[in-house]
Protein chains: 2
Amino acid sequence: MEEVRRRDREGTRQRILEAARRLFAELGYDQVTMRLIAAEADANIALINRYFGAKRELFAEVLAMQGRFPGVLEGPQEELPRRLAEYVADRLLSDRGSPVMAALSRSSATPEIQGIIKDRVSSAIMEPLAGRLGGEDARLRASIATALITGSGTLRQLFGQDALEAPAREVVVERLARVFEVCLAP
Amino acid sequence: MEEVRRRDREGTRQRILEAARRLFAELGYDQVTMRLIAAEADANIALINRYFGAKRELFAEVLAMQGRFPGVLEGPQEELPRRLAEYVADRLLSDRGSPVMAALSRSSATPEIQGIIKDRVSSAIMEPLAGRLGGEDARLRASIATALITGSGTLRQLFGQDALEAPAREVVVERLARVFEVCLAP
DNA sequence: TAAGTTAGTAGACGCACGTTTACTTCGTCA
DNA sequence: TGACGAAGTAAACGTGCGTCTACTAACTTA
């Protein structure tokens, strides 16, 4: 009753990439082993290295695959705090985190990929944010907002989705929006 | 020219504990090996296990050794935001982080110690903070502040002490204080 | 000073990881 | 149809980790 596997290079590559994305997002870099990815992708472990080189290159490709900080930065400037608040609240309350941010907040301890993560946070969050802000200390304000974003990821990971003892989403968004507003105001 | 080591159980224990504190604070749980601690403490590796049991128990003891969130929570209530701001700013700008917080923000990926860290964040930061606040959604407000605190630790680790492109300390404190004020206000 | 206790030591154990090698099987095209 | 390239596989390699065991040597005590 063994299924005969169709030989499909690109398909296998995509299965590996998708499995890696899912696992890195959920568990962080260190906790995800090559064997785990292979099992999740239902592929042979040697193929991962063949298609992606090393583990850190696969991780880099997963990050590169993600769009920029999804859509949050686009839109009218005056609603930016609220969009950030909604993004963070959803990550805090939902049962699964955003791949990029979760990976970031869970993987930054490993020197092997610190450079990759640093670049990603810079280019996908901090710099676009600072660019949008303008005014005095734009970089500082963007940094504080970034700290709040990554910190909420850490909290989510530590305490799970019940970190906030489940107040209504609207309450959380409202609070966060007010905080982001002060963060970002000149 | 070999130094003859004096036999000193308590002294050796303390050297190990202090070396572990320093290393965990700087590098995080995963990156610190038993052999590294032994070398830093100038002690034999087997003694670590003899005196502390396993690595995670040593880590727990290091955390327990630290005072509660040092002094920040004590003092007049109306200056609490500013004290938090100063604490965070100093950690962001100084050349060495706080042991507990650094360990927290760098070590949370490892399931082995997730429980330890969770308890510590709860009992040393979030709960005392929530207790001090009172009013509506005290827990939520404390959580947001905690996210900002831990997030700034992550930033500090990723970008080093020049994360903020070194504006004056006073500017950073001022900004952060305003943000914390909104965080904590009822 | 001899015996016993215990701090300190060297080295090995087992395990899990990322990575690589040697091999097998499938699909294609001359 | 048969040969060749590439997809897929199984097993091993080397490394570094936390932990443990068997031993040595220093101090204490009778």
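Quick note on labels: first sequence line is chain A, next is B, and so on, each numbered from 1. The analysis underlying the following values was restricted to heavy atoms, covering all of them including side chains, and did not include hydrogens, waters or symmetry mates.
- OP1 or OP2 of C:dG8 lies within a sub-4.0 Å distance of a side-chain N or O belonging to B:Thr12.
- Environment of CD in A:Glu18: crowded, with over 12 heavy atoms of neighbouring residues, nucleotides or ligands closer than 6.0 Å.
- Rounding to whole angstrom units, CD1 of residue A:Ile16 and P of D:dA7 are separated by 12 Å.
- In this model, the phosphate group of C:dT19 is approached by a side-chain N or O of A:Asn49 to a distance below 4.0 Å at OP1 or OP2.
- In this structure, CZ of B:Phe59 is placed 13 Å from P of D:dG18, rounded to the nearest angstrom.
- Rounded to the nearest 0.5 Å, atoms CD1 (A:Ile16) and CD1 (A:Ile37) are 8.5 Å apart.
- Ring-plane geometry between B:Phe24 and B:Tyr29 is classed as parallel, the angle between the planes falling under 30 degrees on a 0 to 90 degree scale with a further cut at 60.
- We find that CD1 of A:Ile48 is positioned 14 Å from C1' of C:dT20, with the value rounded to whole Å.
- The only option from A:Arg21, A:Arg13, A:Arg120 that meets the salt bridge (charged side-chain N to carboxylate O under 4.0 Å, His left out) definition with A:Glu61 turns out to be A:Arg13.
- By the 6.0 Å contact criterion, CD on B:Glu78 is enclosed, its count of non-hydrogen atoms from other residues, nucleotides or ligands being greater than 12.
- Taking atom CD on A:Glu10 and atom P on C:dG27, their separation rounds to 18 Å, with Å as the unit.
- Taking the side chain of A:Arg50 as heavy atoms from C-beta on, and the options C:dT20, D:dG8, D:dA6, the nearest nucleotide is D:dG8.
- The distance from atom CD1 of A:Ile113 to atom P of C:dC17 is 16 Å, rounded to the nearest whole Å.
- Take the nearest nucleotide of DNA chain D for A:Ile45 and for A:Tyr51: the residue whose nucleotide is more 5' is A:Tyr51.
- Taking atom CG on B:Leu47 and atom C1' on D:dG18, their separation rounds to 15 Å, with Å as the unit.
- Take B:Glu40 and apply the salt bridge (Lys or Arg N to Asp or Glu O under 4.0 Å) test, not counting sequence neighbours, and it matches B:Arg22.
- Each of C:dG18, D:dA7, D:dT9 was ranked by its minimum atom distance to the side chain of A:Asn44; first place goes to D:dT9.
- Side-chain N/O atoms of B:Arg9 and base N/O atoms of C:dT6 include no donor-acceptor pair closer than 3.5 Å.
- Counting only residues at least two apart or in different chains, side chain to side chain donor-acceptor pair (under 3.5 Å) contacts with residues 47-58 of chain A are absent.
- Nucleotide D:dC17 holds its P atom 20 Å from the CZ atom of B:Arg56, rounded to whole Å.
- When the C1' atom of C:dT20 is taken as reference, atom NZ of A:Lys55 falls 17 Å away, rounded to whole Å.
- A heavy atom lying under 4.0 Å from DNA chain D marks the following residues of residues 32-40 of chain B, by number: B:Val32, B:Thr33, B:Met34, B:Arg35.
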